[in-house]
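Keep in mind it's a predicted model, so treat the numbers as computed, not measured. Chain letters run A, B, ... following the sequence lines, proteins first and then strands; every chain starts at 1.
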Amino acid sequence: MLLARGRQTYYNELKTLRRQTMKNVRVRYAPSPTGYLHIGNARTALFNYLFARHHEGSFIVRIEDTDVKRNVDQGIENQMNYLKWLGMDWDESIDKPGAYGPYRQLERHEKLNVYKDYANDLIEKGLAYKCYCSPEELEAEIEEKKARGESNLHYSRKCLGKPDQDAPYMVRFKVPDETTYTFDDIVKGEVTFRSEDVGDWVILKRNGIPTYNFACAIDDHLMAISHVLRGEDHITNTPKQLMVLDAFDWKHPTYGHMPLIVNDNHKKLSKRDADIIQFIEQYHKLGYLPDALFNFIALLGWSPDKKEEILSPEELIKRFDETRMSSSPATFDKEKLAFINNRYIKALSNEEALDLCKPFLIDENIGLEQDESWFVDLIEVFKDRLSFGAQIVDLYRDFFEKPFILEGDVLEFIKQDGVKALLETFKNMVENMDPLASDTLKKAIKEAGKETGMKGKMLFMPLRIAVSASMHGPDLPKMMNLMGKERLIKRLEYTIRHL
RNA sequence: GGCCCGUUGGAGAAGCGGUUCAACUCACUAGCCUUUCACGCUAGCAUUCACGGGUUCAAAUCCCGUACAGGUCACCA
């Protein structure tokens, strides 16, 4: 090994540590700071988190920032904040140093020279070599092969065995001949790749920074990662990482490749997919609840063994079973998300629901002149039908601003005998009511029923229709109260005229 | 093109050789319920698991092939 003395000590210490923790479950989520927290990343993080917590292991967040050009300011900060917002915490990371740090690859590269050391070691053993080809040369090589119709677009190895030159170079891994890489994937079962299918790939870029596959394999080992749970798009990376592990005679972690999340067209969820909201931050801003999202994401490629699908984070941790991950793609079902989030909103207290919704109303200048009790009434009436917080604005507008039209079955229903008398009786009561209140309205409904001899469905349905033009909806007295006296009377009159 | 993975109702999704195995959820449809919640309750909704062949006493479940779909083949991660 070509390690400096100080670093040698570092590695020795790590080795001892790894022995001690070998039996522990240690998983990692390894985001790159190239963007904000995406639904796909969140799923990867979440499954690793659930797996770690279920098995009482460690959950590590390692930053893979080796693509210096694409790194985005605030990328990591945003991702970690939203991981927390979703309800995940971790045991080791850049903000929570553990024994296996540093947890940022660029830092490992710059301060400890980790990857270069190992790359040099491979070069010395003849398992890797320097490549002096220019990007243009490489591109030309590929174009040529394509033109000849070759299916194997792998690097020609023309730099293999070249003497050292005083020129920029990258380091390529010399892929072994006729070697089979088989691993028992938790999700997919036994998967096999042949080394012929992998070209000599770059482990160190021209700028000296390692490529993903190299850094990842090394760090997974150095950090004693026991299980690697990641998206299926990584499955073809696995043989590359296995050959690095083998080159150093390191133990393989257990791999599990989770199904891709696809859109309605069964295409991999892409950040450019305009149809689906992609970033957790956006869901937050629309008034989705973290636990609901946590629940929904956990169902992307995994299903519980019991019937119930609405599960709290604690229940999910308890029930998580990695063998129940699906091997076919998980479709992002927007309707299901809406349903799940609605279930969580319904479970909120009125105060919590108000906190969630009020900002959206204020943003739209709705209810500025109203007092707090008006907001409480509004939320109470609509809470059960909200798919997400911001929807309160639409619900408000539908209720207060949509034209009131009676037609179809609704009109049919109120044309029945006795409806007119009922509505008129009720209207008179409302006219004498000052101010309006839910409980007085409720009493008035009873009273009007008694007076006109209408009861049950024949009592409530006409009134419901007369105020909302619908046969379904929220609690009747509360809805009337929210509507206000003037509008309520107007609608009753309008309905009576149309009988 | 090579390699890898997948294909169960309108949608999500379970089941992975045989005891109600075609669960469950969403959506939809129908009926019903309220003088304390009509986004509530109940019921209905794939005689069939892409297609073709094979193995087996027995296959959605195992094997082979076809079709279709996707992923991946970067000095990105």
Side-chain angles (χ1 to χ4, degrees), chain A residues 30-35 41 64-67 69-70 131 133-135 138-139 142 146 149-154 168-172 185 187-189 191-194 196-199 201-213 215-216 230-239 257 259-260 262 264-268 299-310 324 326-340 342-343 346 380 382 384-387 442-443 445-450 454-457 459-461 464 470-478:
Chain A
S32 71
T34 51
N41 300 141
E64 307 210 329
D65 54 353
T66 54
D67 186 355
K69 275 171 251 132
R70 293 203 316 159
C131 173
C133 295
S134 70
L138 258 16
E139 201 177 318
I142 288 176
K146 274 189 190 160
E150 286 185 29
S151 65
N152 184 337
L153 269 26
H154 299 156
Y169 64 89
M170 46 204 173
V171 178
R172 285 184 187 273
D185 192 283
V187 182
K188 305 282 177 186
V191 181
T192 300
F193 290 91
R194 270 168 290 130
E196 297 88 86
D197 298 326
V198 184
W201 52 286
V202 174
I203 60 176
L204 238 47
K205 305 181 218 175
R206 203 175 300 265
N207 60 10
I209 296 175
T211 56
Y212 159 75
N213 282 117
C216 178
R230 57 181 18 165
E232 198 186 323
D233 46 344
H234 282 287
I235 202 162
T236 46
N237 286 323
T238 309
H257 289 90
L260 258 14
V262 298
D264 296 337
N265 300 318
H266 303 109
K267 292 253 198 326
K268 178 184 170 186
L299 263 17
L300 252 21
W302 178 83
S303 62
D305 55 350
K306 299 272 166 50
K307 319 272 179 207
E308 187 57 49
E309 288 187 314
I310 303 294
R324 290 187 62 82
S326 167
S327 63
S328 51
T331 309
F332 189 96
D333 186 349
K334 283 176 281 187
E335 289 182 359
K336 190 101 172 202
L337 206 210
F339 164 77
I340 291 177
N342 170 261
R343 284 287 299 267
K346 277 185 191 173
E380 212 183 343
F382 290 121
D384 283 357
R385 41 178 52 201
L386 283 170
S387 291
K442 195 193 275 178
K443 276 183 212 141
I445 295 173
K446 277 191 205 175
E447 196 59 30
K450 243 180 236 165
M454 303 286 264
K455 57 181 183 177
K457 191 174 185 172
L459 169 60
F460 285 84
M461 207 48 89
R464 183 176 285 286
S470 168
M471 294 173 77
H472 305 267
D475 184 79
L476 203 42
K478 282 177 189 156

Atom [atom1] of [X] and atom [atom2] of [N]: how far apart are they, to the nearest Å?
{"X": "A:D475", "N": "B:C33", "atom1": "CG", "atom2": "P", "value": "19 Å"}
{"X": "A:L299", "N": "B:A11", "atom1": "CG", "atom2": "P", "value": "18 Å"}
{"X": "A:M461", "N": "B:U35", "atom1": "CE", "atom2": "C1'", "value": "14 Å"}
{"X": "A:D305", "N": "B:U25", "atom1": "CG", "atom2": "C1'", "value": "15 Å"}
{"X": "A:R343", "N": "B:A27", "atom1": "CZ", "atom2": "C1'", "value": "16 Å"}
{"X": "A:L459", "N": "B:U34", "atom1": "CG", "atom2": "P", "value": "11 Å"}
{"X": "A:L300", "N": "B:A13", "atom1": "CG", "atom2": "P", "value": "8 Å"}
{"X": "A:I310", "N": "B:G12", "atom1": "CD1", "atom2": "P", "value": "18 Å"}

Ignoring backbone atoms, test whether [X] places a side-chain nitrogen or oxygen under 4.0 Å from the OP1 or OP2 oxygen of [N].
{"X": "A:K267", "N": "B:G70", "value": "yes"}
{"X": "A:K334", "N": "B:C26", "value": "no"}
{"X": "A:T211", "N": "B:A77", "value": "no"}
{"X": "A:K336", "N": "B:A13", "value": "no"}
{"X": "A:T331", "N": "B:G12", "value": "yes"}
{"X": "A:R324", "N": "B:G15", "value": "yes"}

Roughly how far, to the nearest 0.5 Å, is [atom2] of [Y] from [atom1] of [X]?
{"X": "A:D67", "Y": "A:T34", "atom1": "CG", "atom2": "OG1", "answer": "7.5 Å"}
{"X": "A:E447", "Y": "A:K442", "atom1": "CD", "atom2": "NZ", "answer": "15.0 Å"}
{"X": "A:K334", "Y": "A:D264", "atom1": "NZ", "atom2": "CG", "answer": "5.0 Å"}
{"X": "A:C131", "Y": "A:I203", "atom1": "SG", "atom2": "CD1", "answer": "12.0 Å"}
{"X": "A:T331", "Y": "A:L300", "atom1": "OG1", "atom2": "CG", "answer": "8.5 Å"}

For nucleotides [N] and [M], find the distance between their [atom1] atoms and express it as a whole number of Å.
{"N": "B:G10", "M": "B:A27", "atom1": "C1'", "answer": "8 Å"}
{"N": "B:A13", "M": "B:C49", "atom1": "C1'", "answer": "13 Å"}
{"N": "B:U25", "M": "B:G40", "atom1": "P", "answer": "14 Å"}
{"N": "B:C16", "M": "B:U56", "atom1": "P", "answer": "23 Å"}
{"N": "B:G6", "M": "B:C64", "atom1": "P", "answer": "12 Å"}
{"N": "B:A77", "M": "B:A11", "atom1": "C1'", "answer": "32 Å"}
{"N": "B:U8", "M": "B:U48", "atom1": "C1'", "answer": "9 Å"}

Considering all heavy atoms of both residues, which atom of [X] and which atom of [Y] are nearest to each other, and what is their separation?
{"X": "A:T66", "Y": "A:I209", "result": "O-CG2, 3.4 Å"}
{"X": "A:L138", "Y": "A:M170", "result": "CD2-CE, 3.5 Å"}
{"X": "A:C216", "Y": "A:R230", "result": "SG-NH2, 4.0 Å"}
{"X": "A:E232", "Y": "A:H257", "result": "CA-CB, 4.0 Å"}
{"X": "A:G473", "Y": "A:R385", "result": "CA-NH2, 3.3 Å"}

Proximal nucleotide (of [options]) relative to the [X] side chain:
{"X": "A:D67", "options": "B:U7, B:G12, B:C76", "result": "B:C76"}
{"X": "A:K188", "options": "B:C5, B:C26, B:C3", "result": "B:C5"}
{"X": "A:H472", "options": "B:C5, B:U34, B:C39", "result": "B:C39"}
{"X": "A:D333", "options": "B:C73, B:G12, B:G6", "result": "B:G12"}
{"X": "A:S303", "options": "B:A14, B:A77, B:C73", "result": "B:A14"}
{"X": "A:E64", "options": "B:C5, B:C26, B:A77", "result": "B:A77"}
{"X": "A:L260", "options": "B:G70, B:C26, B:G12", "result": "B:G70"}
{"X": "A:K205", "options": "B:A13, B:C76, B:U35", "result": "B:C76"}
{"X": "A:F460", "options": "B:U35, B:G71, B:C76", "result": "B:U35"}
{"X": "A:D233", "options": "B:U72, B:U7, B:G40", "result": "B:U72"}

(message) For A:K450, I'd like to know if atom NZ has over 12 heavy atoms of other residues, nucleotides or ligands within 6.0 Å.
(response) no
Using a cut-off of 4.0 Å on non-hydrogen atoms, how would the nucleic acid contact of [X] be classed: base, sugar-phosphate, or nothing?
{"X": "A:F332", "value": "nothing"}
{"X": "A:A330", "value": "sugar-phosphate"}
{"X": "A:G473", "value": "sugar-phosphate"}
{"X": "A:P135", "value": "base"}
{"X": "A:L138", "value": "base"}
{"X": "A:K450", "value": "nothing"}
{"X": "A:P474", "value": "sugar-phosphate"}
{"X": "A:N237", "value": "base"}
{"X": "A:T238", "value": "nothing"}
{"X": "A:S32", "value": "sugar-phosphate"}
{"X": "A:K442", "value": "sugar-phosphate"}
{"X": "A:S470", "value": "nothing"}

(request) Say whether, by atom type as modelled, one donor and one acceptor occur between the side chain of A:D65 and the main chain of A:S32 under 3.5 angstrom. (result)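 Checked: no pair found.
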(message) By nearest heavy atom, map A:N213 and A:I235 onto RNA chain B; which one lands nearer the 5' end?
(response) A:I235
(message) Let me check I have this right: for RNA chain B, each base becomes ., (, ), [, ] or |, based on Watson-Crick or G-U pairs with both distances under 3.5 Å. What is the full string?
(response) ((((.(((.[[[..)..(.....]]].(((((.......))))).....[[[[[..)....]]]]])).))))....
(message) On the side chain of A:D264, is there an atom forming a donor-acceptor pair with the base of B:A11 - under 3.5 Å, no angle test?
(response)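 Flag unset: no donor-acceptor pair detected.
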(request) Answer yes or no for this row: A:H234 ring on B:G71 base, centroids under 5.5 Å, planes under 30°. (result) no
